[in-house]
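Sharing a structure, written as structure tokens. Questions coming.
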Amino acid sequence: MSSKITKVKGIYDILGKEAKAFSLIEETFFKLTKLFGYERVFLPILEREELFVRSVGDTTDIVEKEMYTFEDKGKRKVALRPEGTAGAVRAYIENQVFLSESYTKWSYFGEMFRYENPQAGRRRQFYQAGCEYFNAPLPTADGELIYLASWILKELRVNAELYINNIGCEKCRPRYKAYLIDYLFSKKEKLCSDCQKRLERNPLRVLDCKNPTCRDIVEEAPNILDFLCEECKDHFEKLKEILDILKIPYKVDPFLVRGLDYYTKTVFEFKVNSLGAQNTVLAGGRYDNLIKELGGPDIPALGFAMGVDRVALCILNLLEDKREGVIILPFEEKYIPFALKVFKLLSEATNILEKIEEEIDTKKFLFVKNLMENEKLRNFMIEVRNRIELPNKLGKIKKLFNLADKKNFAYAIVIGEEEVEKNFITIKNLETREQFNLPLNMLEV
RNA sequence: GUGGGCGUAGCUCAGCUGGUUAGAGCGAGGGACUGUGGAUCCCUAGGUCGCCGGUUCAAGUCCGGUCGCCCACCCCA
């Protein structure tokens, strides 16, 4: 063997159980976002670097040191997206979607890239499932969005707590910021070294420092909620009422600030306690100025992103492999033609089943009638619809059953001399070990 | 970017203060068992001991570097 090529640091193959978790998350996410009117969109992974500098913020760590940036062959400065909102907003503006739609709801699922040191729940290539809701000024939109987010997590059996805050708008935040900086400067020598740096670059981030002495200082700091303008205050009060009506439990955390510059008014986070340090599983908020700042019209918007890798970690041990599907087992090579016939008949029968559920065009087929009456057969056909496979090798019968068992099939179809001669199949339930026959002429219409 | 821990078979790990041919369990493949699986027993395959260099008569073991993994800081979903 020649020298092996390994993966690059922090970038992982998603296989096996984790892949199952990913699929379940994706499926659940799109099922529920669709229910709430979101359309799935497919956005570029590669964008101009400037997009993120201008939206995420040039003093954020994401932009300062975590972006994968490079020059392409046309000398364009490009970056792998570190998050999804900026690209969505760019697409919204560039395609002038606002001209033809009075409001727009998008959902997406895809990989993001940040050059960070890997740890539990943090990878350089990671996946986010996100929603963006454009042209939605009312606090009901915030409520609806949070309701959607909490439902997705509930459906996935993730126990998360919701924290909300309002970080003001361009009218009220500067005043708060000034007071905060004043206060923090008076305590500067007591702050940790990181916070002293934050004070210069991004003072709001001092508010969620984990250092205990910083926390004590923050406890006494001016509270953003006392500084909100009438509009922001009203928005926040209404949001809380909406959450109460929707019966979504939440905690107000006045020290909750988001790391990205574009947020205004509502911000929220769902946190779990089973995950270690990286415990935020879904987060988002309102970004009323971002569209304007990126050269579009003055349109309010909001959104959230869910950390797919982190949610997968949460639900990994909830996944059980259950028996599913059917494998056809011809005992010898000479029975393979018969097995192929069975394979074709059964897989086509699943199509007919689909149709019956919609239009009750049934009785046409004898086997369908039988199916409705015979519970055993019905359960079998449900599994046929889940999965049907032919074996890829011949061997001792014991081996074949062993294989069927290890691959978690629900049923095995036995094909040997007697079956071929009398034109039937023997169906074995691999869990109960029960067997029954199905004459094939029932399937041949 | 910083710090701590760790890299031996597909997986989980033994391998003493350096000493002959590198071990177990699980898993995989085969057999005992030629129309019926999960148990038991037997057999087999699979390792440049992450990689590079150094010390030594001798390195899986010691030293340096490097790559990767895990965890935390930081950051964020």
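All figures in this text were calculated on a predicted structure; none of them were measured in a lab. Within every chain, numbering begins at 1; the chains are lettered A, B, ... in the order of the sequence lines, protein sequences first and strands thereafter.
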Single hit among A:Leu156, A:Leu282, A:Val272 for side chain to side chain contact (heavy atoms under 4.5 Å, CB included) with A:Val311: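 Going through the options one by one, the only one that passes is A:Leu156.
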Check: A:Asp142 and A:Phe268 side chains under 4.5 Å, non-hydrogen atoms: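 They are not in contact (no side-chain heavy atoms under 4.5 Å apart), so the answer is no.
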Distance-only donor-acceptor check, side chains A:Thr426 and A:Glu419, under 3.5 Å: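 A:Thr426 vs A:Glu419: donor-acceptor pair found between side chains.
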A:Thr59 and A:Glu64: side chain donor to acceptor below 3.5 Å: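 A:Thr59 vs A:Glu64: no donor-acceptor pair found between side chains.
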Shortest side-chain distance from A:Tyr12, nucleotide among B:U36, B:C70, B:G1: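 When the side chain of A:Tyr12 is considered, B:C70 is the closest of B:U36, B:C70, B:G1.
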Euclidean distance for P, B:C69 against B:A58 (whole angstrom):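 Result for the P pair: 35 Å, nearest Å.
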Side-chain ion pair, A:Arg81 and A:Glu111, N-O less than 4.0 Å: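 Salt bridge present between A:Arg81 and A:Glu111.
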Side-chain donor-acceptor pair present, A:Tyr287, A:Glu132, cut-off under 3.5 Å: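 A pair is found: one side chain offers a donor N or O, the other an acceptor, under 3.5 Å apart.
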Residue-phosphate contact under 4.0 Å: A:Lys406 side-chain N/O, B:A28 OP1/OP2: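 Result: yes.
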Please list, pair by pair, any protein nitrogen or oxygen found under 3.5 Å from a nitrogen or oxygen in nucleotides 75-77 of chain B.
{"unit_1": "B:C75", "atom_1": "OP1", "unit_2": "A:Arg198", "atom_2": "NE", "d": "2.5"}
{"unit_1": "B:C75", "atom_1": "OP1", "unit_2": "A:Arg198", "atom_2": "NH2", "d": "2.5"}
{"unit_1": "B:C75", "atom_1": "OP2", "unit_2": "A:Arg198", "atom_2": "NH2", "d": "2.2"}
{"unit_1": "B:C75", "atom_1": "O2'", "unit_2": "A:Glu66", "atom_2": "OE2", "d": "3.2"}
{"unit_1": "B:C75", "atom_1": "O2", "unit_2": "A:Glu116", "atom_2": "OE2", "d": "2.9"}
{"unit_1": "B:C75", "atom_1": "O2", "unit_2": "A:Arg122", "atom_2": "NH1", "d": "3.2"}
{"unit_1": "B:C75", "atom_1": "N3", "unit_2": "A:Gln278", "atom_2": "OE1", "d": "3.3"}
{"unit_1": "B:C75", "atom_1": "N4", "unit_2": "A:Gln278", "atom_2": "OE1", "d": "3.4"}
{"unit_1": "B:C75", "atom_1": "N4", "unit_2": "A:Gln278", "atom_2": "NE2", "d": "3.3"}
{"unit_1": "B:C76", "atom_1": "OP1", "unit_2": "A:Gly259", "atom_2": "O", "d": "3.1"}
{"unit_1": "B:C76", "atom_1": "OP2", "unit_2": "A:Arg205", "atom_2": "NE", "d": "2.7"}
{"unit_1": "B:C76", "atom_1": "OP2", "unit_2": "A:Arg205", "atom_2": "NH1", "d": "2.8"}
{"unit_1": "B:C76", "atom_1": "OP2", "unit_2": "A:Arg205", "atom_2": "NH2", "d": "2.4"}
{"unit_1": "B:C76", "atom_1": "O2'", "unit_2": "A:Arg114", "atom_2": "NH1", "d": "2.5"}
{"unit_1": "B:C76", "atom_1": "O2", "unit_2": "A:Arg310", "atom_2": "NH1", "d": "3.0"}
{"unit_1": "B:C76", "atom_1": "O2", "unit_2": "A:Arg310", "atom_2": "NH2", "d": "3.0"}
{"unit_1": "B:A77", "atom_1": "OP2", "unit_2": "A:Arg258", "atom_2": "NH1", "d": "3.0"}
{"unit_1": "B:A77", "atom_1": "OP2", "unit_2": "A:Arg258", "atom_2": "NH2", "d": "2.4"}
{"unit_1": "B:A77", "atom_1": "O4'", "unit_2": "A:Gln128", "atom_2": "NE2", "d": "2.8"}
{"unit_1": "B:A77", "atom_1": "O3'", "unit_2": "A:Ala283", "atom_2": "N", "d": "2.9"}
{"unit_1": "B:A77", "atom_1": "O2'", "unit_2": "A:Thr280", "atom_2": "O", "d": "2.9"}
{"unit_1": "B:A77", "atom_1": "O2'", "unit_2": "A:Val281", "atom_2": "O", "d": "3.3"}
{"unit_1": "B:A77", "atom_1": "O2'", "unit_2": "A:Leu282", "atom_2": "N", "d": "3.3"}

Listing time: all N or O pairs from protein to nucleotides 2-8 of chain B that are below 3.5 Å?
{"unit_1": "B:U2", "atom_1": "O4", "unit_2": "A:Asn117", "atom_2": "ND2", "d": "2.6"}

Inter-nucleotide P distance (B:U17, B:C76), Å rounded: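 Roughly 46 Å separates the two P atoms.
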Pairwise C1' distance, B:C73 and B:G60 [rounded to whole Å]: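 Rounded to whole Å, the distance is 33 Å.
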Pairwise C1' distance, B:C16 and B:G31 [rounded to whole Å]: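 Those two atoms are separated by 39 Å.
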Short side-chain N/O contact to B:G31 OP1/OP2 from A:Lys396, under 4.0 Å: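 The answer is yes; a side-chain N or O of A:Lys396 sits under 4.0 Å from OP1 or OP2.
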B:G19 to B:C49 separation - P atoms, rounded to the nearest Å: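 Roughly 16 Å separates the two P atoms.
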Per A:Arg323 side chain, nearest of listed nucleotides B:C71, B:G37, B:G35: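 For the A:Arg323 side chain, the nearest candidate turns out to be B:G37.
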For B:C11, the Watson-Crick or wobble partner whose two distances fall under 3.5 Å: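 B:C11 is paired, partner B:G25.
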N/O (side chain, A:Lys9) to phosphate O (OP1/OP2, B:C70) under 4.0 Å: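 No.
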Opposite nucleotide pairing with B:A58, Watson-Crick or G-U, both atom distances under 3.5 Å: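 None - no nucleotide pairs with B:A58, as no candidate has both distances under 3.5 Å.
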A:Glu161 and A:Tyr163 side chains, donor-acceptor separation under 3.5 Å: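 Judged by distance alone, the side chains do pair up.
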Salt bridge (Lys or Arg N to Asp or Glu O under 4.0 Å) involving A:Glu144 - partner list, sequence neighbours excluded: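 Salt bridge (Lys or Arg N to Asp or Glu O under 4.0 Å) check on A:Glu144 returns A:Lys105.
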C1' atoms of B:U20 and B:A59, separation to the nearest Å: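 Per the computed distance, 14 Å lies between those C1' atoms.
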Under-3.5 Å donor-acceptor pair between A:Glu419 side chain and B:G35 base: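 For A:Glu419, whose side chain was compared with the base of B:G35, there is a donor-acceptor pair (under 3.5 Å).
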Under 3.5 Å side-chain donor-acceptor pair for A:Gln125 and A:Tyr127: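 A:Tyr127 and A:Gln125 do have a side-chain donor-acceptor pair below 3.5 Å.
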Whether A:Phe30 and A:Phe109 hold their rings parallel, tilted or perpendicular, with breakpoints at 30° and 60°: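 Because their plane-to-plane angle lies in the 30° to 60° range, the rings of A:Phe30 and A:Phe109 count as tilted.
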Minimum-distance nucleotide to A:Lys399 side chain [options: B:G30, B:A72, B:U36]: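 Side chain of A:Lys399 sits closest to B:G30.
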B:C71 versus B:C51 - spacing of their P atoms, nearest Å: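 B:C71 and B:C51 have their P atoms separated by 24 Å.
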B:G1 to B:G25 separation - C1' atoms, rounded to the nearest Å: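 Looking at atom C1' only, B:G1 and B:G25 are 42 Å apart.
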Minimum side-chain heavy-atom gap A:Glu417-A:Tyr335 below 4.5 Å: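 With C-beta onward as the side chain, the pair touches.
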Donor-acceptor pair present, A:Lys428 side chain and B:G37 base, under 3.5 Å: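 Indeed, a donor on one side and an acceptor on the other fall under 3.5 Å apart.
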Minimum-distance nucleotide to A:Glu418 side chain [options: B:U36, B:G35, B:C70]: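 Of all the options, the side chain of A:Glu418 is nearest to B:G35.
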Touch class at under 4.0 angstrom, heavy-atom based, for A:Gly10 against every strand present: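 Answer is sugar-phosphate: A:Gly10 comes under 4.0 Å of backbone atoms only.
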Base paired to B:U40 (Watson-Crick or G-U; both N/O distances under 3.5 angstrom):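 Pairing partner, where one exists within any strand: B:A32.
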